[in-house]
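Note that the structure is predicted; figures quoted are calculated from it, not measured. These numbers come from the heavy atoms of this one structure, side chains and all, not from hydrogens, waters or symmetry mates.
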Amino acid sequence: MAATLTGSGIALGFSCSAKFSKRASSSSNRRCIKMSVSVEEKTKKFTLQKSEEAFNAAKNLMPGGVNSPVRAFKSVGGQPVVMDSAKGSRIRDIDGNEYIDYVGSWGPAIIGHADDEVLAALAETMKKGTSFGAPCLLENVLAEMVISAVPSIEMVRFVNSGTEACMGVLRLARAFTGKQKFIKFEGCYHGHANSFLVKAGSGVATLGLPDSPGVPKAATSDTLTAPYNDIAAVEKLFEANKGEIAAIILEPVVGNSGFITPKPEFIEGIRRITKDNGALLIFDEVMTGFRLAYGGAQEYFGITPDLTTLGKIIGGGLPVGAYGGRRDIMEMVAPAGPMYQAGTLSGNPLAMTAGIHTLKRLSQPGTYEYLDKITKELTNGILEAGKKTGHAMCGGYISGMFGFFFTEGPVYDFSDAKKSDTEKFGKFFRGMLEEGVYLAPSQFEAGFTSLTHTSEDIQFTIAAAEKVLSRL
């Protein structure tokens with residue numbers, strides 16, 4: 001692929017292919033063939049003219065011009081970017097600007113965009129058909145891989161999105177326990193189902209929206225909320241609602257209020273509390289699943305929930321979701337049991353194929369060591385650039401997931417995250433875009449690295465960050 005980072009005025013032409021099979025270290029078996037290196041004058045002016053034209057047309061066709069709110073750039077300002085193609089760690093817009101991508105389609109592009117092996121497998125699968133609305137053998141293969149990887153999952157049900165997975169798992173928890181109330185945490189996002197749109201994160205936090213219009217009071221009357229990392233608040237909710245709470249659902253590492261990690265005593269505490277009160281513990285691992293570790297956050301932290309939701313990565317970038325857990329709970333799901341949930345495209349052969357080949361790559365030795373190495377380098381480099389240029393910043397990372405806030409910190413929950421200087425983040429985001437770096441267009445979203453991000457990508461990003469920060 002050709003990499004042209006116009007913001008720096010340096011064009012690097014290279015062809016890369018990454019072999020992660022049996023990788024013993026973070027760098028072995030990585031093959032990059034250098035084709036050309038040239039230093040050019042910065043002659044091309046950064047422009048988003050075509051994106052602007054396309055977005056203006058889109059606003060007459062789709063609400064706000066987008067199909068997911070955060071894409072409209074409302075919290076960061078400036079012109080939304082209309083993308084055209086992506087390969088490896090790079091993404092290109094319709095104006096021809098190329099960026100190092102740290103969004104990764106919001107997480108699933110963990111082995112890089114448009115991986116050659118995945119594309120080849122998809123091409124072969126498509127020859128047989130794209131959807132059957134009937135069982136296919138590929139479902140068995142991916143189900144076995146997920147069950148063997150994720151500690152809590154003994155049986156799994158595939159769906160088509162993270163929202164759908166969270167809807168299904170909550171219904172299941174209520175059916176299994178016979179209780180109606182559940183606890184979620186402020187700033188955690190579990191999709192746009194009615195019950196979850198209470199003090200939610202992601203686009204709700206990004207746009208500063210209140211609880212969404214159109215959600216009946218009855219739909220949220222059994223939704224209880226607590227600050228993330230506040231075990232005392234959870235204990236008070238159980239005390240005030242004795243025998244009525246079906247489950248706790250949480251992002252084990254928050255990605256939808258920015259990147260927020262749990263205190264060790266917090267997730268250990270909620271595991272204890274749920275067991276003591278006959279409630280279920282649900283980890284929403286739509287973001288963290290197969291990203292923090294091959295077995296997700298539950299493997300990383302050594303805490304096994306009763307139920308887990310997955311998405312993004314297990315479909316290799318194609319629409320997918322899943323929920324799974326203990327066999328005795330999952331056998332409540334129809335047709336094995338009375339809890340109904342269905343989906344025409346669930347387990348479709350394309351998503352299963354992409355997921356199988358993505359997980360095969362992730363299971364190779366050295367994968368998560370490499371992600372940890374480059375993400376540490378990136379996060380520490382950006383925070384050091386902030387310190388060097390006099391900005392209050394804090395942040396962190398785990399494996400291939402990271403984030404930073406424009407505040408002194410520390411950030412333990414959504415109220416802490418909201419202390420961030422979002423105006424400054426908007427300026428930083430727009431500056432980085434012009435330098436050839438694409439970050440999530442919100443202070444309240446985590447970032448993601450991939451196996452195709454190189455040390456050169458990281459160093460370029462850090463240099464761009466220092467350059468932009470020095471101008472703010």
Side-chain angles (χ1 to χ4, degrees), residues 1-18 35 40 42-74 76-120 122-123 126 203 312 315-319 350-351 354 358 429-442 445 447-454 456-457 460-461 464:
M1 63 174 278
T4 307
L5 304 175
T6 56
S8 69
I10 300 177
L12 300 177
F14 57 87
S15 172
C16 287
S17 62
M35 302 301 292
E40 302 171 346
K42 188 175 177 181
T43 56
K44 182 182 176 183
K45 181 177 174 59
F46 179 80
T47 178
L48 293 173
Q49 181 179 345
K50 291 181 180 179
S51 282
E52 183 176 3
E53 293 168 355
F55 184 67
N56 287 337
K59 286 189 285 189
N60 290 319
L61 303 170
M62 296 170 282
V66 294
N67 283 306
S68 192
V70 72
R71 302 175 191 175
F73 282 26
K74 286 202 169 184
V76 293
Q79 174 58 48
V81 179
V82 178
M83 297 303 181
D84 180 62
S85 63
K87 185 71 174 174
S89 64
R90 309 303 172 97
I91 192 165
R92 182 183 291 267
D93 66 28
I94 61 174
D95 285 278
N97 303 305
E98 189 169 272
Y99 313 93
I100 300 172
D101 179 24
Y102 293 103
V103 179
S105 192
W106 301 97
I110 191 168
I111 65 172
H113 289 289
D115 178 78
D116 290 340
E117 291 181 15
V118 173
L119 293 181
L122 285 171
M126 281 193 288
K312 301 183 186 295
L318 273 67
L350 295 184
T358 297
F429 170 83
R430 295 193 302 273
M432 291 295 280
L433 204 63
E434 292 193 23
E435 293 298 322
V437 177
Y438 183 57
L439 300 169
S442 169
E445 296 284 0
F448 306 99
T449 54
S450 78
L451 292 175
T452 55
H453 282 85
T454 65
E456 289 77 16
D457 289 336
F460 179 91
T461 303

Determine all donor-acceptor pairs shorter than 3.5 Å in which one atom belongs to a side chain in residues 101-112; sequence neighbours excluded.
| residue | atom | partner | partner atom | Å |
| --- | --- | --- | --- | --- |
| D101 | OD1 | V103 | N | 2.8 |
| D101 | OD1 | G104 | N | 3.4 |
| D101 | OD2 | G104 | N | 3.2 |
| D101 | OD2 | H113 | NE2 | 2.6 |
| Y102 | OH | T461 | OG1 | 2.7 |

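- Using a 4.5 Å heavy-atom threshold, the side chains of L433 and V76 count as separate.
- What you find for S51 and P80 is that their closest heavy atoms are CB-O, 3.6 Å.
- When every heavy atom of E445 is checked against every heavy atom of A440, the shortest pair comes out as CB-CB, 3.8 Å.
- Of all heavy-atom pairs spanning L48 and Q79, the tightest one is CD1-O, 3.7 Å.
- Interatomic distance, L439 CG to M432 CE, rounded to the nearest 0.5 Å: 5.0 Å.
- The side chain to side chain donor-acceptor pair (under 3.5 Å) check on E52 picks up nothing, with sequence neighbours excluded.
- Counting heavy atoms from C-beta on, the side chains of E98 and D84 never come closer than 4.5 Å.
- Every side chain to side chain donor-acceptor pair (under 3.5 Å) that K59 has, sequence neighbours left out, goes to N56.
- Counting all heavy atoms, side chain and backbone alike, G436 lies closest to F460 at O-CE2, 4.3 Å.
- Contact annotation: the side chain of V81 approaches that of Y99 to within less than 4.5 Å [non-hydrogen atoms, C-beta and beyond].
- Closest of all the heavy-atom pairs between A464 and E435 is CB-CB, 3.8 Å.
- Considering only heavy atoms from C-beta on, D95 stays 4.5 Å or farther from F46 through its side chain.
- When the side chain to side chain donor-acceptor pair (under 3.5 Å) test is applied to T358, no partner is found at least two apart in sequence or on another chain.
- Contact check for I100 versus R90: side-chain heavy atoms found under the 4.5 Å cut-off.
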Could you pull out every donor-acceptor pair under 3.5 Å between side chains of residues 60-71 and any protein atom, sequence neighbours left out?
none

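- With sequence neighbours excluded, no residue forms a side-chain contact (heavy atoms from CB on, under 4.5 Å) with P319.
- The shortest non-hydrogen separation linking A54 to V82 is CB-CG2, 4.1 Å.
- Between the side chains of S89 and D457, at least one donor N or O sits under 3.5 Å from an acceptor N or O.
- Note that the CG atom of D116 and the NZ atom of K87 stand 3.5 Å from one another [nearest 0.5 Å].
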